[in-house]
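Below, chains carry the letters A, B, ... as their sequence lines are ordered, and counting in each starts from 1. We use all heavy atoms of the structure for the numbers below, so side chains are in, but hydrogens, waters and symmetry mates are not.
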Number of protein chains: 2
Amino acid sequence: MGAEMLQKGAVSARDVALAAGVSRTAVSRTFTPGASVSPATRAKVIAAADALGYHVNNLARGLTRAESGIVALIVAELDTPYRSRLVSALTDRLQTAGKVAMMINTDRSDASVEAALKQAIGYRTDAAIVLSGMPDRALADMCLRNGLRLVLINRDEAWPGTIRVRLDDEEAGARAARTLLRVGSERPALASSASATASLAARAKGFRAVLAAEGVVPIEAVFGATSYETGLALGTDLFSREARPDGIFCVTDLLACGVIDAARHRFNLRVPDDLSVIGFDDIPQAGWEAYGMTTFRQPVTAIAEACVAWLSGPAAGTEAETVRLSAEMVWRSSVAASGR
Amino acid sequence: MGAEMLQKGAVSARDVALAAGVSRTAVSRTFTPGASVSPATRAKVIAAADALGYHVNNLARGLTRAESGIVALIVAELDTPYRSRLVSALTDRLQTAGKVAMMINTDRSDASVEAALKQAIGYRTDAAIVLSGMPDRALADMCLRNGLRLVLINRDEAWPGTIRVRLDDEEAGARAARTLLRVGSERPALASSASATASLAARAKGFRAVLAAEGVVPIEAVFGATSYETGLALGTDLFSREARPDGIFCVTDLLACGVIDAARHRFNLRVPDDLSVIGFDDIPQAGWEAYGMTTFRQPVTAIAEACVAWLSGPAAGTEAETVRLSAEMVWRSSVAASGR
DNA sequence: CTGAAAGCGCTTACAG
DNA sequence: CTGAAAGCGCTTACAG
């Protein structure tokens with residue numbers, strides 16, 4: 001009844017203190033893990049708080065404490081299988097670490113990444129995890145100066161006070177090439193979007209390097225955004241050529257799904273009999289029976305854990321840090337068994 | 001140089017006021033749209049703020065103002081095509097409306113929805129948009145009492161002070177049934193997960209009702225979570241029966257993808273020649289060439305817009321509000337053209 | 001263990 | 001248009 005009478009959002013520590021007959025300091029301490037309160041006091045506070053429906057105001061807490069408990073997730077194209085898995089893992093870990101995620105969409109342009117970061121600073125987030133786009137050095141410095149720790153995923157640059165997490169993309173590309181060779185591919189191809197991402201570039205680089213060592217030049221199709229539709233177009237392009245490829249490494253599963261569909265539905269090619277294809281990411285669709293894609297698994301959980309562990313650790317040193325994770329190969333049926 | 005010397009996060013309105021030679025009130029007004037400041041004062045403030053790298057502290061602002069500008073998104077299984085699209089649309093609209101999204105994962109259990117809502121209250125979010133799970137009446141009241149506006153998506157219940165957005169699921173189910181009948185299906189089936197969601201139930205209900213009116217009882221397979229894997233199992237079950245269905249309405253696209261794959265890859269059935277299938281959601285994969293699924297499009301943008309419009313509107317009246325949106329049918333190739 | 005007091009950074013009447 | 005002052009709800013030394 002009492003609670004009903006309050007104005008909205010009105011229950012504060014003072015109200016609880018009054019009701020419990022203690023000081024507001026005691027209330028504060030009751031809700032601060034590790035603070036010293038006698039069991040008796042604590043009990044009174046808890047009882048009053050429950051009766052009143054009190055919830056610590058984290059905005060006020062963030063104002064006084066060094067940390068707000070908020071971590072910004074800066075991401076473009078959240079509605080894409082790989083990204084949504086990563087964001088999901090990240091918010092999950094953040095939550096179990098007692099933090100909370102603030103989602104900020106960007107369109108990947110410098111301006112929008114800058115706006116996102118300013119947004120994060122405005123809310124005094126403890127950190128920003130950048131999944132898409134790339135803040136330049138000046139922006140990164142601005143964040144650091146404002147007490148934001150910066151986590152860069154799949155970026156090349158590493159700056160003091162930031163951490164970047166990277167996969168062994170180049171090695172994966174190399175392994176894809178070796179696999180295709182082992183399976184007897186005579187006209188291996190590379191399919192990639194035009195998106196100039198460090199990780200995509202590294203995958204392509206590793207792939208080309210192994211082939212070059214064998215004296216073979218891959219057929220290449222590189223254009224478009226990183227999407228299923230581009231994969232379809234890439235495949236259509238590749239299969240229309242005179243020397244049709246018999247093995248394709250797609251820099252991304254989404255691309256690979258498009259390539260496989262082009263092969264099957266537009267050119268009546270069988271996978272893996274006529275054509276082997278290898279992807280990267282291991283998005284859920286890669287495991288669907290329509291695709292059965294051999295690919296490399298993004299260690300999303302490990303990535304999320306590494307980010308959160310670093311955020312929960314001691315303040316960044318002055319050194320740039322790097323975490324390197326490995327993308328394990330997962331075998332399915334888009335490559336002949338002999339490739340294994 | 002001056003900025004470099006500051007302690008982290010130290011630039012406050014007072015610093016700017018000092019540097020600009022004005023009061024801190026003037027600084028505050030400069031950053032408050034619509035407040036009255038002379039152009040001269042404003043210019044001095046802006047200059048000083050830029051030089052110092054000042055950013056309004058939204059935590060403090062949220063403490064004084066009635067609104068924090070934060071909206072909580074409470075969601076399970078974010079890494080699922082439909083949900084990630086909706087969340088993406090929602091954060092987008094929220095952003096353009098000048099608000100920011102706080103992502104809170106749940107596992108759909110009552111306990112985790114409650115924890116999520118408490119988290120939201122703790123940060124004094126202006127509202128919570130609940131995409132998964134269902135807060136009970138007591139919980140909803142707690143939110144309202146704490147000044148949180150509540151948006152419930154795809155829920156049945158409607159409570160004072162909350163808004164719920166719903167699709168015409170029942171009508172869509174009915175239309176699916178009519179379509180199957182028109183295409184000459186003699187053994188129409190319903191495939192659904194066991195998840196007791198209002199929207200899934202409504203789709204099934206509409207489907208059954210139309211068939212019942214024609215005196216036909218659909219074959220039914222209902223079990224499992226709402227996933228591709230369940231779709232595979234559902235299809236396998238259905239196609240193993242003596243009277244094999246020749247038309248299936250799957251309550252969800254994810255389920256439908258599994259059903260189609262089971263048909264094609266496990267039973268060598270052709271779609272739509274041997275079997276028509278209709279899904280719901282229009283997830284990206286529904287449009288992929290491997291599926292070419294006839295389905296109903298979730299109006300994610302319209303949903304997001306409706307939510308944000310309501311949030312930006314005047315405070316909730318005491319009435320429960322409902323927004324009803326329509327899921328348009330999209331024709332592709334999983335149903336014979338004659339069904340159209 | 002406990003409380004009075006100062007302070008976090010902002011906004012908003014209130015005077016002028 | 002402008003500024004001094006009070007207040008938002010919390011935490012954290014500082015005494016006791």
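Counting only Watson-Crick and G-U wobble pairs whose two key distances fall under 3.5 Å, DNA chain C forms stems of three or more stacked pairs at C:1-3 with D:14-16, C:5-12 with D:5-12, C:14-16 with D:1-3.
For the side chain to side chain donor-acceptor pair (under 3.5 Å) test, residues two or more places apart in sequence or in another chain that qualify with Thr197(A) are Ser195(A). With sequence neighbours excluded, the residues that form a salt bridge (Lys or Arg N to Asp or Glu O under 4.0 Å) with Lys118(A) are Glu114(A). The salt bridge (Lys or Arg N to Asp or Glu O under 4.0 Å) check on Asp141(A) picks up Arg137(A), with sequence neighbours excluded. For the side chain to side chain donor-acceptor pair (under 3.5 Å) test, no residue two or more places apart in sequence or in another chain qualifies with Arg14(A). The side chain to side chain donor-acceptor pair (under 3.5 Å) test applied to Ser132(A) returns Arg83(A), not counting sequence neighbours. Qualifying side chain to side chain donor-acceptor pair (under 3.5 Å) partners for Ser38(A), counting only residues two or more places apart in sequence or in other chains: Thr41(A).
Checking dG9(C), dT11(C), dA5(D) against every side-chain atom of Ser12(B), the shortest atom distance belongs to dG9(C). When the nucleotides dT2(D), dT2(C), dA4(C) are ranked by their closest atom to the side chain of Thr41(B), dT2(D) comes out on top. For Ala13(B), whose side chain is taken as the heavy atoms from C-beta onward, the closest listed nucleotide among dC10(C), dT11(D), dC1(D) is dC10(C).
Distance, Glu67(A) CD to dT12(D) C1': 15 Å, rounded to whole Å. Nucleotide dG9(D) holds its C1' atom 18 Å from the CZ atom of Arg61(B), rounded to whole Å. Between the CG atom of Leu52(B) and the C1' atom of dG9(C) there is a distance of 15 Å, rounded to whole Å. Whole-Å rounding puts the Arg24(B) CZ to dG9(C) P distance at 9 Å. One atom, OH of Tyr54(A), and another, C1' of dG9(D), lie 7 Å apart when rounded to the nearest Å. Taking atom CG on Leu63(A) and atom P on dG7(D), their separation rounds to 17 Å, with Å as the unit. Taking atom CG on Leu18(A) and atom P on dA4(C), their separation rounds to 12 Å, with Å as the unit. Between the P atom of dG7(D) and the CZ atom of Arg14(A) lies a distance of 10 Å, rounded to the nearest Å.
In the model, Thr322(A) has a side-chain atom that pairs as donor or acceptor with a side-chain atom of Arg164(A) under 3.5 Å.
Here Val56(A) lies in heavy-atom contact (under 4.0 Å) with sugar-phosphate atoms only.
For residues 88-107 of chain B, the set of pairs meeting the side chain to side chain donor-acceptor pair (under 3.5 Å) definition, not counting sequence neighbours, comprises Thr91(A)-Asn105(B), Asn105(A)-Thr91(B), Arg93(B)-Glu305(B), Asp107(B)-Ser109(B), Asp107(B)-Ser112(B).
For the contact set between residues 28-36 of chain B and DNA chain D, defined by any heavy atom under 4.0 Å, the members are Arg29(B), Ser36(B).
Side chains of His55(B) and Asn146(A) form a contact here, defined as non-hydrogen atoms less than 4.5 Å apart.
For Tyr123(B), no side-chain nitrogen or oxygen approaches OP1 or OP2 of dC10(D) to under 4.0 Å. Within the 4.0 Å cut-off from OP1 or OP2 of dG3(D), at least one side-chain nitrogen or oxygen of Ser23(B) is found.
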